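Below is one structure; the comments refer to it alone.
This is a predicted model, so every value here is computed, not measured.
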Protein chains: 2
Amino acid sequence: MTETPVVHIVDDDDAMRHSLEWLLKPLGLEVKTYASAASFLSNHDRDRVACLVTDVRMPGMSGLELHEALAKAGSTMPVIVITGHGDVPMAVRAMRAGAIDFIEKPLNNQLLIERIHEALRLARARRDEAGQIAPIRARFSALTAREREVACLVAAGRQNKMIAHELGISLKTVEIHRHNAMDKMGATTGADLARMLTLAGAI
Amino acid sequence: MTETPVVHIVDDDDAMRHSLEWLLKPLGLEVKTYASAASFLSNHDRDRVACLVTDVRMPGMSGLELHEALAKAGSTMPVIVITGHGDVPMAVRAMRAGAIDFIEKPLNNQLLIERIHEALRLARARRDEAGQIAPIRARFSALTAREREVACLVAAGRQNKMIAHELGISLKTVEIHRHNAMDKMGATTGADLARMLTLAGAI
DNA sequence: GCAAGTTTAGGGGTTAACCCCTAAGCGCCT
DNA sequence: AGGCGCTTAGGGGTTAACCCCTAAACTTGC
């Protein structure tokens with residue numbers, strides 16, 4: 001039931017990739033290695049619980065650019081940045097972009113493993129949250145404009161009579177839109193609808 | 001109506017405190033300076049929209065320790081760390097603790113001003129959010145155990161009859177607890193209650 | 001232009017929620 | 001021992017919400 005989490009390793013140094021693979025595999029983690037940022041971006045599976053460990057200095061796209069590209073592509077995958085020749089501005093740039101940690105080589109294996117577990121915990125938490133909210137958002141965006149409007153007012157705690165007055169339509173019409181919205185959202189009561197829209201950030 | 005935000009400066013170097021004061025005052029910001037972390041912790045006003053700019057190396061408590069002490073005390077004040085002699089682990093520690101930025105001296109004034117504005121925007125956003133949620137939490141914790149139980153089930157979308165069955169009590173009793181809970185929470189409808197409890201993270 | 005979907009509106013009945021009242025049993029504290 | 005607050009429960013009435021039905025005006029797209 002608990003799927004194995006994946007640790008993606010991006011480093012142009014073959015020896016480093018292999019050494020990290022040997023370090024992490026015995027921990028029961030699935031390890032996938034890539035020699036370049038481009039290779040990772042086009043080949044990794046977006047639907048797994050995973051984290052990314054990337055070197056900074058690489059031919060082509062750097063680890064920091066990879067991190068930013070990943071975020072821009074809408075991924076929330078936790079990232080750990082490692083580097084042989086780091087400096088303060090580089091570390092700050094990585095951390096401001098949301099990295100879990102910025103670790104200098106030679107790597108402290110225990111620290112790296114700890115950070116990887118932290119990253120995977122975060123990845124699980126984000127997947128669980130997204131698994132709750134994404135379907136709600138999808139159903140919400142499938143509502144018609146009027147249904148959204150009515151649903152938001154219901155969720156804000158207005159009663160049908162008030163909504164009819166605010167929108168300048170009849171009580172009967174509000175009842176229709178409310179019923180259709182709750183049907184499409186899979187809500188059984190107004191409170192249920194309110195919980196969903198609040199979770200989705202619609203109100 | 002818009003209260004002036006405060007920039008707290010903590011640095012043991014008199015010249016640096018004065019220079020930052022001269023830099024920031026003309027921007028319409030209220031500046032308060034402290035020569036030590038302890039002086040800041042015991043003298044600053046917790047109720048203002050504010051950010052903290054702190055040096056790392058100081059006699060007594062360091063800037064990093066100050067940041068961690070502030071977080072431990074429950075403050076969400078955004079922190080900018082500045083330092084004359086920084087290194088990568090120090091920068092990472094500051095950023096992992098949640099600092100907005102870690103800036104090395106000599107300071108780039110434009111960058112610092114930009115980060116201070118970013119920090120104050122964040123402070124305003126956090127105050128606005130807390131201003132919504134804190135009173136809800138307070139009212140929620142003022143409910144009796146049974147009222148909380150009923151309120152959570154209402155907010156989860158159950159109807160009174162189901163709640164009565166789940167709790168093994170009569171419909172009439174559920175109606176009483178529901179009414180009292182909604183009264184104490186200031187909710188006008190079940191949807192209103194659901195929105196509040198979802199915002200407060202009670203369900 | 002017709003088909004499909006959206007928005008609008010009503011009739012009429014059932015169920016759930018809300019509001020007023022009383023009231024008993026229980027634990028806790030002064 | 002009496003008061004206070006919480007929990008429990010009911011009677012009885014009003015209002016709001018829900019459910020089934022029809023149906024017209026309007027937009028969008030093939």
5' priority, DNA chain D, between A/K172 and A/K161 [closest heavy atom]:
A/K161
Would you say the side chain of A/L20 lies within less than 4.5 Å of the side chain of A/L112, judging by non-hydrogen atoms?
yes
Is any NZ, NE, NH1 or NH2 atom of the basic residue among A/R121 and A/E118 found under 4.0 Å from an Asp or Glu carboxylate oxygen of the other?
no
Counting the atoms with a prime plus P, OP1 and OP2 as sugar-phosphate, which does B/H177 contact under 4.0 Å by heavy atoms, base, sugar-phosphate, or nothing?
base
What's the spacing between B/E30 CD and B/H8 NE2 if we round to 0.5 Å?
8.5 Å
Using a 3.5 Å distance criterion without hydrogens, assess whether the side chain of A/R195 forms a donor-acceptor pair with backbone atoms of B/A194.
no
Does anything in residues 142-156 of chain B reach DNA chain D, meaning a heavy atom under 4.0 Å, and if so which residues?
B/T144, B/A145, B/R146
For DNA chain C, the residues among residues 180-190 of chain A that have a non-hydrogen atom under 4.0 Å from it
none
Indicate the atoms forming the closest heavy-atom contact of A/V154 with B/A191, along with that distance.
O-CB, 3.2 Å
When you compare the side chains of A/S39 and A/S36, does any donor N or O come within less than 3.5 Å of an acceptor on the partner?
no
By nearest heavy atom, map B/I176 and A/L167 onto DNA chain C; which one lands nearer the 5' end?
A/L167
Nucleotides bounding contact with chain A, strand DNA chain D, heavy-atom threshold 4.0 Å:
D/dA16 to D/dC19
Using 4.0 Å as the upper bound for N to carboxylate O, is an ion pair formed by B/R146 and B/E149?
yes
Inspect the contact between A/D13 and A/K105 and indicate whether a charged nitrogen and a carboxylate oxygen are less than 4.0 angstrom apart.
no
Which part of the nucleic acid, if any, lies within reach of A/T173 when heavy atoms closer than 4.0 Å are counted: base, sugar-phosphate only, or nothing?
base
May I ask you to decide if B/R46's main-chain N or O and B/R48's side chain share a donor-acceptor pair within less than 3.5 Å?
no
Could you tell me whether the side chain of B/T189 reaches within less than 4.5 Å of the side chain of A/R158, counting heavy atoms only?
no
